[in-house]
Enquirer: 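The following block contains the structure, expressed as structure tokens.
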Amino acid sequence: MPDARRILDANANRAREALRVMEDGARFLLNDEPLTRDLKALRHNLRTALEGVNLAGARDTPGDVGTSVTIEAEMDRPGTRDVLVAAGKRLSEALRSIEEFSKTIDPAVAHATEQLRYRGYELERRLVVAMPTGRQPQWRLCVLVTESLCTHQAWYEVAARALEGGADCLQLREKSLDTGELCRRAERLLELAEPTGAHVVVNDRIDVALAAGAHGVHLGRSDLPIDKARALAGDRLFIGASTSTVDEALAAQRAGADNCGIGPMFHTTTKDKPLIAGPEAVGRYLAHDPSLPPHLAIGGITPDTIHAVVEAGARGVAVSSCVCGAKDPAKVATMLIEALGSVRT
């Protein structure tokens, strides 16, 4: 009966190559030291697990009938995330093959490889979740629609006027409405936004966002953890996170956030925040790492205060009372967009 050592040798190479690709992604694309360290450890552990199997002389590259077998999809890698997704799949496939065929040579190696495969699954998840999908655009103006702040017009009229003024995202922010009414309002915002191409996000409630068919959900620090939300939503929703520091933004990205709300920029009557991050927080965010997700500066931003945020480099802002409470929401939205006009997205 043919020996399985050629199979083990080939798949050991595949697994090590896949791990090196994943490690490079964690190291150079994400600057994620813990993930880089864990991937490197798995690569070394795999080498140790196979030390008891004599693979010397097993390789026969010239005689390998598979070297000339290729498919078009192997060359299809539109972006770096796709490269890492493919490497993760290659790793799990290679480890499974090692595990199965090593049972015919050394069951202890099979058992060790099984444990490495489980670790590989988790590392693949961490890497892919942390890698930006590139799906979400950098919004310019997100208007948080809250009925109690709409002092001159009905909430849906404010939303419509904000869209007229150039808002490219509407966020439904209502803390006390029942689930059914929240869902109906989300659907109404989607109807308003659809002709303009703007996106609709639901604050806090991932269930409502999914049920209504919204584009995203925004989660605060006391809401469902981002990794749990990502597990529920998959890629069906953009997931936003509230952050004040670069460390919080990094943690949100690693958990699966598509965008970060940075703030508060200034004191605001909408929320009582003892710590003001200030416009300089935007500068720190942008200077730290170009791989961080799109952002929205938030908190006390008005046509009078936005210039300091723009000077700090903000490419997008989120506002509430200055648009919702305006007599002319479209005009205020336009003023905010014009202030952002010189910022490159």
Side-chain angles (χ1 to χ4, degrees), residues 1-131 227-228 230-231 234-235 254-256:
M1 182 177 294
D3 193 280
R5 282 177 171 79
R6 279 186 67 196
I7 297 174
L8 299 187
D9 178 65
N11 281 284
N13 288 336
R14 288 192 189 104
R16 285 193 295 265
E17 290 163 0
L19 280 165
R20 174 61 77 177
V21 171
M22 295 166 73
E23 183 183 331
D24 284 348
R27 179 180 177 184
F28 297 112
L29 298 176
L30 295 175
N31 297 311
D32 190 329
E33 182 180 354
L35 184 53
T36 301
R37 183 175 57 248
D38 291 345
L39 286 163
K40 184 175 183 178
L42 183 59
R43 184 161 48 84
H44 286 278
N45 292 157
L46 175 61
R47 183 182 63 190
T48 301
L50 292 172
E51 284 177 350
V53 182
N54 181 16
L55 297 179
R59 191 169 309 169
D60 180 16
T61 304
D64 185 351
V65 298
T67 57
S68 61
V69 178
T70 60
I71 59 173
E72 235 177 83
E74 292 179 15
M75 297 294 108
D76 185 18
R77 302 286 188 270
T80 51
R81 189 176 191 270
D82 302 281
V83 171
L84 298 179
V85 168
K89 295 183 184 302
R90 190 161 61 250
L91 172 65
S92 59
E93 291 166 358
L95 290 178
R96 185 70 191 203
S97 188
I98 293 172
E99 178 188 338
E100 291 301 320
F101 282 102
S102 63
K103 292 173 183 177
T104 67
I105 297 173
D106 187 343
V109 173
H111 177 72
T113 306
E114 179 186 33
Q115 300 308 308
L116 295 178
R117 180 165 55 85
Y118 293 145
R119 284 171 56 192
Y121 290 157
E122 175 58 17
L123 292 175
E124 177 190 6
R125 184 198 66 80
R126 285 169 56 189
L127 180 63
V128 173
V129 163
M131 192 67 188
D227 58 342
K228 305 296 185 187
R230 178 57 72 202
D235 286 338
R254 289 167 186 160

Enquirer: State whether a side-chain donor-acceptor pair under 3.5 Å links E122 with Y118.
Expert: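 No, Y118 and E122 have no side-chain donor paired with an acceptor closer than 3.5 Å.
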
Enquirer: For R117, give me all partners under salt bridge (charged side-chain N to carboxylate O under 4.0 Å, His left out), at least two apart in sequence or on another chain.
Expert: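 With neighbours one apart ignored, the set is E99.
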
Enquirer: For the atom pair CD (E33) and CG (D38), what is the distance rounded to the nearest 0.5 Å?
Expert: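 Here the interatomic distance stands at 10.5 Å.
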
Enquirer: If you compare all heavy atoms of N31 against all heavy atoms of R254, which two are closest, and at what distance to 0.1 Å?
Expert: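 It is O-NH2, 4.0 Å.
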
Enquirer: Which atoms form the tightest heavy-atom contact between E124 and M22, and what is the distance?
Expert: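 It is CA-CE, 3.9 Å.
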
Enquirer: So that I can tick it off, tell me whether E23 and R20 are bridged by a salt bridge, with the cut-off set at under 4.0 angstrom between side-chain N and carboxylate O.
Expert: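 Answer for the salt bridge query: yes.
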
Enquirer: By side-chain contact (heavy atoms from CB on, under 4.5 Å), which residues pair with I7, not counting sequence neighbours?
Expert: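 Counting only residues at least two positions away or on another chain, I7 forms a side-chain contact (heavy atoms from CB on, under 4.5 Å) with N11, S97, F101.
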
Enquirer: Please report, to 0.1 Å, the donor-acceptor pairs under 3.5 Å made by any side chain of residues 45-53, with sequence neighbours excluded.
Expert:
| residue | atom | partner | partner atom | Å |
| --- | --- | --- | --- | --- |
| N45 | OD1 | R119 | NH1 | 2.9 |
| N45 | OD1 | R119 | NH2 | 2.9 |
| N45 | ND2 | A41 | O | 3.4 |
| R47 | NH2 | H44 | ND1 | 3.1 |
| T48 | OG1 | H44 | O | 3.1 |

Enquirer: Please say which of L84, D32, L29 ends up in a side chain to side chain contact (heavy atoms under 4.5 Å, CB included) with L127.
Expert: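 Per the side chain to side chain contact (heavy atoms under 4.5 Å, CB included) rule, the option paired with L127 is L84, out of L84, D32, L29.
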
Enquirer: For L95 and A15, work out which heavy atoms get closest and say how close.
Expert: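 Closest approach of L95 to A15, heavy atoms only: CD2-CB, 4.2 Å.
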
Enquirer: Which atom names give the shortest non-hydrogen contact between D9 and A58, and what distance separates them?
Expert: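 That closest heavy-atom pairing would be CB-CB, 4.4 Å.
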
Enquirer: Closest approach of A4 and T104, non-hydrogen atoms and distance?
Expert: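 Reported closest heavy-atom pair: CB-OG1, 3.8 Å.
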
Enquirer: Quick one: CG on D24 to CG on L30, what's the gap to the nearest 0.5 Å?
Expert: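 Here the interatomic distance stands at 11.5 Å.
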
Enquirer: Can you see which heavy atom on T36 is nearest to which on A26, and at what distance?
Expert: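 Nearest pair, atom of T36 first, then A26: OG1-C, 3.3 Å.
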
Enquirer: Please check if the side chain of R230 supplies one atom and the backbone of G256 the other of a donor-acceptor pair under 3.5 Å.
Expert: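 Flag set: sc R230 to bb G256 pair under 3.5 Å.
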
Enquirer: Just wondering, more than 12 heavy atoms not from R27 lying within 6.0 Å of its CZ?
Expert: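 No, because the 6.0 Å sphere around CZ of R27 holds 12 heavy atoms or fewer from other groups.
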
Enquirer: Report yes if some heavy atom in the side chain of D64 is under 4.5 Å from a heavy atom in the side chain of R6; otherwise report no.
Expert: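 Of all side-chain heavy-atom pairs linking R6 with D64, at least one is under 4.5 Å.
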
Enquirer: Supply the atom-to-atom distance L123 CG to K40 NZ, rounded to the nearest 0.5 angstrom.
Expert: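 The NZ atom of K40 is 15.0 Å from CG of L123, to the nearest 0.5 Å.
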
Enquirer: Rounded to the nearest 0.5 Å, how far apart are CZ of R14 and CD1 of I98?
Expert: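 Rounded to the nearest 0.5 Å, the CZ-CD1 separation comes to 9.0 Å.
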
Enquirer: Supply the atom-to-atom distance L116 CG to L42 CG, rounded to the nearest 0.5 angstrom.
Expert: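 The CG atom of L116 sits 5.5 Å away from the CG atom of L42.
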
Enquirer: Can you tell me how far the CG atom of L8 sits from the CG atom of D3, to the nearest 0.5 Å?
Expert: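 Atom-to-atom, L8:CG and D3:CG are 8.0 Å apart.
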
